[in-house]
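Okay, structure first, notes after.
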Amino acid sequence: MATGSLSSVPKRLRMVEDFSCTRCLEQNLTESADIYCEKCEWFYCKKCVILHSQFYTKHMTCGREDIKKWPVSKAVEDFLRKCEVHEDETLTQFCHDHSQLCCSACVGTIHSQCRKVTQISELTNSQPTGLEGLSVELETVLGEIKTLQISQEASIQSLQRTYKEHREVMIEQMCCNLNTYIDECDNNSVGTSGGNEQYLKEEMCRSVLFIVNEFDNITAKELNEIRDEVISMTGSVTSSIHKCTSLHNDLSQLLEIVQKIGDNKELCHIANIKCKHIIQQALTLLGKSGKALNVQSITEHNVRIPSDKVVCDIRGICVLPDGQVLVVDWNNENVKLLNQQYQVVSHWDVNAWPLDICLITPSEVAVAVYTSNIHEVQFITVNQGKLVSGRKFQLQHECTCITHHQGNLFVTSGQELYKYSLNGKLICRLYQDRSADWTVWRCAVSPTGDRLYITSYMEDNLLTLARDGTLLATYSDPALEGPTGLHVTPAGQVLVCGCLSHTVLQVGWEEQSKLTTLATEEDGVWDPWSVCYSSTTSSIIVGQAEDDNILVFRVE
């Protein structure tokens, strides 16, 4: 593609030394230019400008302090015009079908079937080429990318602290158990002698050994699970940081180029298109793509299994990076693993009501489990097509939703939103609304973690919160009655279900307006309770109350 990454650009283009002395170039030498002569339209280094000043005493020159008056350097112009697919070719045309710059070779191969391809020179006569607002846009996105990178680096430190703190707590608990038992033995040994004393010593040794073995077999296993989670998430966050760094470099370079182009309309147009493409990449990384999804087809897939006693009720959906899908069946009290064809290949019986599920690592999920007197989070690993239960922790409140972002778990209780660490430590209560039941039903987090979304079932609202729980916006819509299922795609697209209106909507990431209605009752939607997006298949998966089928919307 002609508008791909700029990371392959030589480093010299990122520096001010991208202007070379014209006279030195004629002698196959490369020297940085310090002066530009407007009359000669040549660049001169410190050495060559001495001779120029002797011959042309009346010529007006400007130095690097007035670099904005300099014309575009050949290095910058060559870079802007070079096709990134065919590096020996120059960009000359624009494909309207793909919104891509292209060279003659591109037109003959990649864009040979496209309906409209126009010469760039023709576009400059019909479309504005000013770059005044582009610099501001580039600087804004640059700042947001830098903020995201700082936040992600802080997340890695937080993850490492979580593991360290949990390890210290576990070791402290073991030591406490040992000390308590030894104190009890000391108290019981008062007044004993002979054989009884020997028996107590042997019993104490056996009990101490049991406590140590229990730590090795149970607590060490739990620590290993958390350690593996931290390692996996750290790798994912580090990869995202690398993307931030690459995009930050590309944006910085483009900003520098934009500020040097001047009035060259054709170069302005090329730079504008390239900048918009990189900015869109940055907005996608920031979870602000703003693209409305378009449903291409809707299919049904049965998820009932022979052991199910009643009709299914899919309350939560989670998609693994490899395309496998997990669904929680409220009615049948189980979690089901589906392959990429949405066929059930494994299941795990909860023996309680599973309310929601979220992805922790590429192979591990957390399930919110509910009974009349037990509220807990159960971790499950997907191993070779099987579901394997792992550690769990108890909650002191009800749980209607669980979602995860970079080592933090966000849990709703129906009226509150809480933030937990991976080891079950309550960090804080972020939001509360006790005006009615189910005012804080489901929660989702933006890709960058700077926004939290909440469905308020009883009030027919979708709320947007800041990272600290501050209410930013409230969205309501006649097409969104009884909002339940909620999900944010990796690109920041907000999907929400209207259980009572029988709709699935996409709302703008800033929650200011509805972007599109994805499906209604006419499309087969009835009582939708859960929604999730699969990047692997470009599909939206919807679970419904009292229905053995899930709906799959193929989107683009």
Side-chain angles (χ1 to χ4, degrees), residues 162-163 165-167 169-170 173 214-215 217-230 233 313-318 326-337 346-361 363-383 386-405 407-432 437-438 440-445 454 484 486 529-530 543:
T162 295
Y163 172 70
E165 289 171 0
H166 193 57
R167 180 183 60 188
V169 168
M170 293 296 98
Q173 183 62 50
E214 186 179 45
F215 179 85
N217 296 332
I218 299 176
T219 309
K221 179 176 179 293
E222 184 176 326
L223 284 172
N224 288 337
E225 288 178 355
I226 294 181
R227 181 199 62 195
D228 292 342
E229 290 168 0
V230 169
M233 281 181 281
D313 193 332
I314 306 304
R315 295 295 179 99
I317 304 173
C318 180
L326 290 110
V327 299
V328 293
D329 187 342
W330 161 273
N331 275 354
N332 292 294
E333 300 180 359
N334 58 33
V335 178
K336 298 168 181 174
L337 175 66
S346 181
H347 75 280
W348 177 71
D349 292 322
V350 185
N351 296 322
W353 291 319
L355 276 165
D356 200 11
I357 188 170
C358 67
L359 188 69
I360 302 298
T361 72
S363 61
E364 185 185 42
V365 297
V367 181
V369 177
Y370 167 80
T371 64
S372 58
N373 57 356
I374 296 177
H375 317 295
E376 66 183 27
V377 175
Q378 172 72 60
F379 292 82
I380 302 175
T381 300
V382 180
N383 187 4
K386 300 294 182 183
L387 299 180
V388 182
S389 62
R391 64 190 179 86
K392 59 184 177 181
F393 63 81
Q394 302 296 319
L395 301 171
Q396 300 303 312
H397 54 79
E398 293 185 6
C399 175
T400 59
C401 166
I402 184 169
T403 189
H404 169 256
H405 183 266
N408 292 312
L409 293 171
F410 298 88
V411 181
T412 59
S413 67
Q415 294 181 317
E416 297 93 5
L417 171 64
Y418 296 96
K419 182 178 178 180
Y420 284 85
S421 65
L422 279 175
N423 58 8
K425 178 183 177 183
L426 177 60
I427 298 174
C428 65
R429 183 180 65 192
L430 286 167
Y431 183 76
Q432 176 178 280
D437 294 331
W438 297 3
V440 184
W441 183 247
R442 288 294 172 98
C443 175
V445 188
I454 291 175
T484 49
L486 181 63
W529 272 89
S530 53

Note to self: Can you tell me how far apart OH (Y418) and CD (Q432) are? Round to the nearest 0.5 Å.
What the structure shows: 7.0 Å
Notebook entry, point to check: How many angstroms lie between atom CD1 of I317 and atom NZ of K336, to the nearest 0.5 angstrom?
Noted result: 12.0 Å
Check: Does the side chain of N383 reach to within under 4.5 Å of the side chain of S363, using non-hydrogen atoms?
Finding: no
Notebook entry, point to check: Can you tell if the side chain of T484 reaches within under 4.5 Å of the side chain of R442, non-hydrogen atoms only?
Noted result: no
Notebook entry, point to check: Can you find a heavy atom in the side chain of V382 that is under 4.5 Å from one in the side chain of L326?
Noted result: yes
Item checked: Minimum side-chain heavy-atom gap V335-L337 below 4.5 Å -> no
Note to self: Using only atom types and a distance under 3.5 Å, with no angle test, would you say the side chain of S530 pairs donor to acceptor with the backbone of I314?
What the structure shows: yes
Notebook entry, point to check: How long is the gap from CG on D437 to CD on Q415, to the nearest 0.5 Å?
Noted result: 5.5 Å
Checklist line | CG on N331 to CH2 on W353, rounded to 0.5 Å | finding: 10.0 Å
Next item on the list: Check whether any side-chain heavy atom of L422 lies under 4.5 Å from a side-chain heavy atom of R391, and answer yes or no.
Entry: yes
Check: Between V369 and E376, is any pair of side-chain heavy atoms under 4.5 Å apart?
Finding: yes
Item checked: Close side-chain approach of Y420 to L395, heavy-atom, < 4.5 Å -> yes
Notebook entry, point to check: Can you name the closest pair of heavy atoms from W441 and C401 and give their distance?
Noted result: O-CB, 3.5 Å
Note to self: What I'd like to find out is whether the side chain of L417 reaches to under 4.5 Å of the side chain of F410, using heavy atoms alone.
What the structure shows: yes
